[in-house]
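Below: the structure, in structure tokens.
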Amino acid sequence: MTGRSARASLVGLLVALGLAVPAPASAAGSTAAATSCYGGAVTVHYGEVLDFGPYRTTSRCNDINMRIVGGDAEYVVACVKFEKTGVCNRWTKVGWSWTTIATDVLDGTRFTVPNGVDLEGSSATLQIAF
């Protein structure tokens, strides 16, 4: 009996007994989670305000993520300023791919993202996912 047919037999037996059978883990699950997180991203334009937000984290994302989606800047430097502390967590260089700027943030946490370093004539359109 091959591994696949043994699994099929076991699944059949468990179903016949009325037991739940978990679906095998797949990369599609993690891709769907990332799509859900990034699908709720807000788009902002660097330099329009001193701080982007305030925002409140959601259950869509475990982290706060950011990326450049337009303009001519190669990167920006960003931090997350949590309302509870009023200070930035750490400054992070953010480019054209998703970059985590705060990790393991509790749902419902209020925060802003300050415009940190002047782009010296460059422009940037950004997305923030949270």
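Remember, it's a predicted structure, so these values are computed and weren't measured experimentally.
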Does V49 share a hydrophobic cluster with V80, counting links as ILVMFWY side-chain heavy atoms below 4.5 Å and allowing steps through other members? yes
Spacing of OG1 belonging to T99 relative to CG belonging to D63, to within rounding of 0.5 Å: 11.5 Å
Let me confirm one number: the NE2-CG distance from H45 to L126, rounded to the nearest 0.5 Å. 9.0 Å
Does the D72 side chain pair with the main chain of S123, one donor and one acceptor, at a distance under 3.5 Å? yes
Would you kindly say whether N65 and T100 are connected by a side-chain donor-acceptor distance under 3.5 Å? yes
Got a sec, which residues hit side-chain contact (heavy atoms from CB on, under 4.5 Å) with R110, two or more places apart in sequence or on another chain? P54, R56, E83
Backbone N/O of L106 and side chain of T57: donor-acceptor pair under 3.5 Å: yes
Do W91 and Y75 share a hydrophobic cluster, counting only Ile, Leu, Val, Met, Phe, Trp and Tyr and linking them when any side-chain heavy atoms are less than 4.5 Å apart? yes
Taking the six-membered ring for Trp, are Y38 and W98 parallel (under 30°), tilted (30 to 60°) or perpendicular (over 60°)? parallel
Using ring pair (Phe, Tyr, Trp, His ring centres under 6.0 Å) as the criterion, list what pairs up with F52, not counting sequence neighbours. none
Indicate the atoms forming the closest heavy-atom contact of A73 with W96, along with that distance. O-NE1, 3.2 Å
Determine the minimum heavy-atom distance between N89 and A102, stating which atoms define it. ND2-CB, 3.6 Å
Closest heavy-atom pair, M66 versus V94, reported as atoms and distance to 0.1 Å, is O-CG1, 3.4 Å
Smallest separation among heavy atoms of A129 and C61, with atom names: C-SG, 4.0 Å
Might you point out which heavy atoms bring P114 and K81 nearest each other, and give the distance in Å? CG-CE, 4.0 Å
So, for V113 and A78, which heavy atoms are closest and what is the spacing to 0.1 Å? CG1-CB, 4.2 Å
For the CZ atom of F130 and the CD1 atom of I101, what is their distance to the nearest 0.5 Å? 10.5 Å
Measure the CG-OG1 distance between D104 and T109 for me, rounded to the nearest 0.5 Å. 11.0 Å
